[in-house]
Amino acid sequence: MTGAKCSGRDRLDVEAALAEVKKLQFDRKYRDASGLFFIEGVRNFVQAIDNDFNVSTILFSEKLLTAPLARKLVRQTRRKGVNSVSLTPEQFRQISHTERASGVAAILRQRWFELHDVSPQTGLCWVALETVRYGFSR
């Protein structure tokens with residue numbers, strides 16, 4: 001496709017990357033089996049990088065991504081050899097679930113810890129949920 005480029009250790013096909021994102025967004029069994037998950041948005045991306053998540057793939061749109069910090073982090077992460085896929089704005093909007101697409105998303109590796117390995121002195125807040133429901137009524 002015109003305008004879409006790939007780089008990184010393993011060059012990714014744009015269509016394959018978009019298909020992977022769709023599977024991660026809609027197929028819980030696939031997320032669990034692959035050990036991957038999908039994030040979207042500047043805040044989520046910055047927090048993932050700041051918290052040293054293992055980034056499998058970065059998906060970004062040069063035209064949509066205007067936040068200077070996120071642009072800098074995308075460049076730095078790509079320089080480290082992380083797979084990246086440059087998307088057109090239209091391609092990025094295919095995977096975006098927000099009203100205004102931010103232009104940055106990533107596929108990350110899940111991190112799981114055994115409870116006995118977690119230190120309560122680290123200042124983290126842990127929440128255990130059995131079921132998550134969304135939406136509200138008035």
Side-chain angles (χ1 to χ4, degrees):
M1 292 189 161
T2 307
K5 302 173 191 158
C6 300
S7 67
R9 286 184 298 244
D10 301 315
R11 296 182 67 76
L12 297 176
D13 175 89
V14 171
E15 293 305 318
L18 294 176
E20 174 83 356
V21 167
K22 293 288 186 186
K23 285 195 287 188
L24 290 169
Q25 288 175 321
F26 297 108
D27 188 344
R28 171 67 186 260
K29 288 182 181 179
Y30 180 75
R31 281 193 306 275
D32 290 346
S34 67
L36 300 171
F37 68 104
F38 175 76
I39 61 160
E40 173 188 1
V42 171
R43 180 181 298 160
N44 290 332
F45 181 73
V46 170
Q47 286 180 345
I49 298 300
D50 285 349
N51 288 290
D52 296 321
F53 270 84
N54 185 332
V55 180
S56 172
T57 306
I58 299 172
L59 300 103
F60 67 99
S61 169
E62 286 284 345
K63 289 185 180 179
L64 294 176
L65 184 56
T66 58
L69 176 58
R71 291 176 74 87
K72 177 182 174 182
L73 291 173
V74 166
R75 282 192 308 272
Q76 288 175 348
T77 307
R78 291 177 72 198
R79 275 191 218 117
K80 292 178 183 177
V82 172
N83 294 324
S84 64
V85 181
S86 177
L87 302 171
T88 65
E90 295 75 23
Q91 289 168 325
F92 193 88
R93 287 185 185 103
Q94 289 177 24
I95 58 171
S96 177
H97 286 277
T98 61
E99 189 173 311
R100 186 171 173 264
S102 66
V104 67
I107 298 172
L108 306 175
R109 299 210 182 283
Q110 297 177 19
R111 289 194 308 202
W112 293 96
F113 302 98
E114 297 290 329
L115 282 178
H116 60 82
D117 292 335
V118 178
S119 169
Q121 280 72 34
T122 60
L124 298 175
C125 174
W126 293 83
V127 178
L129 303 172
E130 182 178 328
T131 304
V132 176
R133 295 185 348 191
Y134 57 92
F136 57 91
S137 59
R138 293 183 190 217

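Atom set for the values below is all heavy atoms of this structure, side chains included, hydrogens, waters and symmetry mates excluded.
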Open item on the list: Taking side-chain hydrogen bond (donor to acceptor under 3.5 Å, both in side chains) as the definition, give me every residue that meets it alongside R93, ordered by chain and number, with sequence neighbours left out.
Closed with: none
Task: Reported CZ-to-CZ distance for the pair F38 and R31, which is rounded to 0.5 angstrom - done: 11.5 Å
- [ ] Please confirm whether the backbone N or O of F53 pairs with a side-chain atom of N51, one donor and one acceptor, at under 3.5 Å?
- [x] no
- [ ] Kindly compute the distance separating CD (Q91) from CG (L64), expressed to the nearest 0.5 Å.
- [x] 11.0 Å
Open item on the list: Using the side-chain hydrogen bond (donor to acceptor under 3.5 Å, both in side chains) criterion, which residues pair with E62? Sequence neighbours excluded.
Closed with: R71
- [ ] Give the C-alpha distance, both sets of side-chain angles, the deciding distance and a yes or no for side chain to side chain contact (heavy atoms under 4.5 Å, CB included) between E20 and L36.
- [x] CA-CA 10 Å; E20 174 83 356; L36 300 171; 3.6 Å; yes
Open item on the list: Per the salt bridge (charged side-chain N to carboxylate O under 4.0 Å, His left out) rule, what does the pair list look like for residues 104-116, sequence neighbours excluded?
Closed with: none
Task: Interatomic spacing from CG in N54 to CD1 in I107 - rounded to 0.5 Å - done: 12.0 Å
Task: Nearest-0.5 Å distance that lies between atom CG in D50 and atom CG in L69 - done: 7.5 Å
TODO: Write down the atom of A70, the atom of V42, and the distance for their closest heavy-atom approach.
DONE: CB-CG1, 4.0 Å
Open item on the list: Given 3.5 Å as the limit, does a donor-acceptor pair link the side chain of S34 with the main chain of Y30, or not?
Closed with: yes
Open item on the list: Working to the nearest 0.5 angstrom, can you tell me the gap between L87 CG and I58 CD1?
Closed with: 11.5 Å
Task: Straight-line distance of F60 CZ to T77 OG1, nearest 0.5 Å - done: 10.5 Å
Task: Counterpart residues, salt bridge (Lys or Arg N to Asp or Glu O under 4.0 Å), relative to R28 (two or more places apart) - done: D32
Open item on the list: I'd like to know if the side chain of E40 and the backbone of H97 have a donor-acceptor N/O pair within less than 3.5 Å.
Closed with: yes
TODO: Taking salt bridge (Lys or Arg N to Asp or Glu O under 4.0 Å) as the test, write out the residues that go with E90, two or more places apart.
DONE: none
Task: Validation row: V104, N44 side chains within 4.5 angstrom (heavy atoms) - done: no
Open item on the list: Test of understanding: with side chain to side chain contact (heavy atoms under 4.5 Å, CB included), list the residues that count as partners of T66, not counting sequence neighbours.
Closed with: none
Task: Which atom of G41 lies closest to which atom of S102, heavy atoms considered - done: CA-OG, 3.2 Å
Task: Residue pair S61 / P89: nearest heavy atoms and the distance that separates them - done: OG-N, 3.6 Å
- [ ] Examine distances only and state if a side-chain atom of D27 and a backbone atom of K23 form a donor-acceptor pair shorter than 3.5 Å.
- [x] no
Open item on the list: Show the nearest heavy-atom pair for residues A106 and F45, with the distance to one decimal.
Closed with: CB-CD1, 4.1 Å
Task: Over 12 non-hydrogen atoms of neighbours within 6.0 angstrom of NZ in K22 - done: yes
- [ ] Search all heavy atoms of A48 against all heavy atoms of I39 and return the closest pair with its distance.
- [x] CB-CD1, 3.9 Å
